[in-house]
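Computed from heavy atoms alone, side chains included, the values below leave out hydrogens, waters and symmetry copies.
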Amino acid sequence: MYIKNDLKDLYNILFTLYGAQGWWPTLKKGYHLNDYSFPNTQNEVFEVCIGAILTQNVSWKNVEKTLKNLKELNSLTPKNLLALEEEKLKAAIKPAGYFNQKAKKLKFFTEFFLSLNGRTPGREELLSLWGIGKETADSMLLYAFKVPTFVVDTYTKRLCLNFNLIKENEEYDAIKELFEKSIKPDLKVYQEFHALIVEHAKSKKGL
DNA sequence: TTCCAGGCAATAC
DNA sequence: GTATTGCATGGA
């Protein structure tokens with residue numbers, strides 16, 4: 001596999017190979033193929049955001065267990081999560097690792113989420129929060145708040161490196177720009193492209 | 001047993 | 001400003 005012209009070709013190749021991915025994965029419906037209206041409720045938006053924090057440097061499998069635990073505690077909503085005792089929260093999110101840090105991150109973010117009152121936050125606003133870095137902020141914007149912004153993760157970096165599109169240790173924002181310059185902002189395409197890159201990296205069909 | 005998984009902040013240089 | 005280190009669980 002190679003890139004003929006630009007990243008649009010890569011997108012088309014991956015889409016042909018793997019098809020629509022229907023990200024973000026959720027507890028209730030699993031994936032939601034061809035439904036780009038998701039998430040529809042504030043609680044669904046919140047669940048995506050929480051998942052974005054929990055999946056930091058950890059496989060999604062681990063996060064699923066954590067989300068299930070929170071659901072069983074009826075704590076997968078902003079107010080209920082805030083009401084949950086510190087120790088119970090840590091126990092519930094243990095499978096996602098870094099539970100001391102992530103418990104703090106979840107509480108900080110949830111306070112912020114409630115203060116939004118349904119408003120969509122800006123990128124810089126999210127980045128200013130303790131515990132929210134570039135990938136987490138962009139994931140929230142793209143998959144929770146439906147803002148067409150490109151998400152860069154380790155898979156994306158590796159892929160670009162293998163195609164000699166970037167140098168070693170290229171900066172996050174430079175890679176992000178690479179994609180956003182080639183492909184006009186489009187919610188569906190940005191959501192699917194990132195998901196396809198992850199799927200491709202996991203499938204290990206070359207690179 | 002070692003290594004990695006959809007990062008981030010704190011610290012060191 | 002860039003490089004390194006701590007954080008932690010679960011599966012391969």
Would you check if the side chain of A:Glu192 reaches a backbone N or O of A:Gln21 as a donor-acceptor pair within less than 3.5 Å?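 Confirmed, A:Glu192 side chain pairs with A:Gln21 backbone.
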
Counting only N and O atoms by type, is there a donor-acceptor contact under 3.5 Å from the side chain of A:Lys102 to the main-chain atoms of A:Gln56?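 Between the backbone of A:Gln56 and the side chain of A:Lys102 there is a qualifying donor-acceptor contact (under 3.5 Å).
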
Any side-chain N or O of [X] under 4.0 Å from OP1/OP2 of [N]?
X: A:Thr154; N: B:dG7; answer: yes
X: A:Lys65; N: C:dG11; answer: yes
X: A:Arg158; N: B:dC4; answer: no

Pick base, sugar-phosphate or nothing for A:Lys134, based on heavy-atom distances below 4.0 Å to the nucleic acid.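 Counting heavy atoms under 4.0 Å across all strands, the contact made by A:Lys134 is with sugar-phosphate only.
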
What's A:Leu129 touching, base or sugar-phosphate or nothing? Going by heavy atoms closer than 4.0 Å.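 Contact class for A:Leu129: sugar-phosphate only.
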
Measure from the side-chain heavy atoms of [X] and tell me the nearest of [options].
X: A:Ser59; options: B:dC8, B:dA5, B:dA10; answer: B:dA5
X: A:Trp130; options: B:dA10, C:dG10, C:dA8; answer: B:dA10
X: A:Gln56; options: C:dT9, B:dG7, B:dA9; answer: B:dG7

Is the [X]-[Y] ring centre distance short of 6.0 angstrom?
X: A:Trp60; Y: A:Trp23; value: no
X: A:Phe15; Y: A:Tyr11; value: yes
X: A:Tyr143; Y: A:Phe38; value: no
X: A:Tyr18; Y: A:His200; value: yes

Taking atom types as modelled, is there a side-chain donor on A:Thr66 or A:Asn69 under 3.5 Å from an acceptor on the other?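 No.
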
How many whole angstroms separate atom [atom1] of [X] from atom [atom2] of [N]?
X: A:Glu64; N: C:dG10; atom1: CD; atom2: P; value: 14 Å
X: A:Ile132; N: B:dC8; atom1: CD1; atom2: P; value: 8 Å
X: A:Glu199; N: B:dA5; atom1: CD; atom2: C1'; value: 15 Å
X: A:Asn69; N: C:dG10; atom1: CG; atom2: P; value: 10 Å
X: A:Asp138; N: B:dG7; atom1: CG; atom2: C1'; value: 13 Å
X: A:Asp153; N: B:dG7; atom1: CG; atom2: P; value: 6 Å
X: A:Leu54; N: B:dG7; atom1: CG; atom2: P; value: 13 Å

Show your reasoning for whether side-chain hydrogen bond (donor to acceptor under 3.5 Å, both in side chains) applies to A:Ser37 and A:Asp35. CA-CA 5 Å; A:Ser37 72; A:Asp35 174 16; 2.6 Å; yes

Map A:Gly131 and A:Trp60 onto DNA chain B by nearest heavy atom, then report which one ends up closer to the 5' terminus.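 Per heavy-atom nearest nucleotide, the more 5' residue is A:Trp60.
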
Provide the distance between the two P atoms, one in C:dA8 and one in B:dT11, to the nearest whole Å.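 Roughly 15 Å separates the two P atoms.
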
In whole Å, what separates the P atom of B:dC3 from that of C:dT5?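 B:dC3 and C:dT5 have their P atoms separated by 15 Å.
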
Check which hydrophobic residues are tied to A:Leu82 through side-chain heavy-atom contacts below 4.5 Å, counting indirect links as well, and list them.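 Listed partners: A:Leu114.
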
Output the residues of residues 166-176 of chain A in contact with DNA chain B, where contact means a heavy atom of the residue under 4.0 Å from an atom of the strand; sort by number or write none.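 None - not one residue of the stretch has a heavy atom sitting under 4.0 Å from the strand.
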
Anything under 30° is parallel, anything over 60° is perpendicular, the rest tilted; go ahead and classify A:Phe150 against A:Tyr190.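 Because their plane-to-plane angle is over 60°, the rings of A:Phe150 and A:Tyr190 count as perpendicular.
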
Counting only non-hydrogen atoms, which of residues 87-111 of chain A are less than 4.0 Å from DNA chain C?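 When residues 87-111 of chain A is checked for heavy atoms under 4.0 Å from DNA chain C, the hits, listed by number, are A:Lys94, A:Pro95, A:Gly97, A:Tyr98, A:Phe99, A:Asn100, A:Gln101.
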
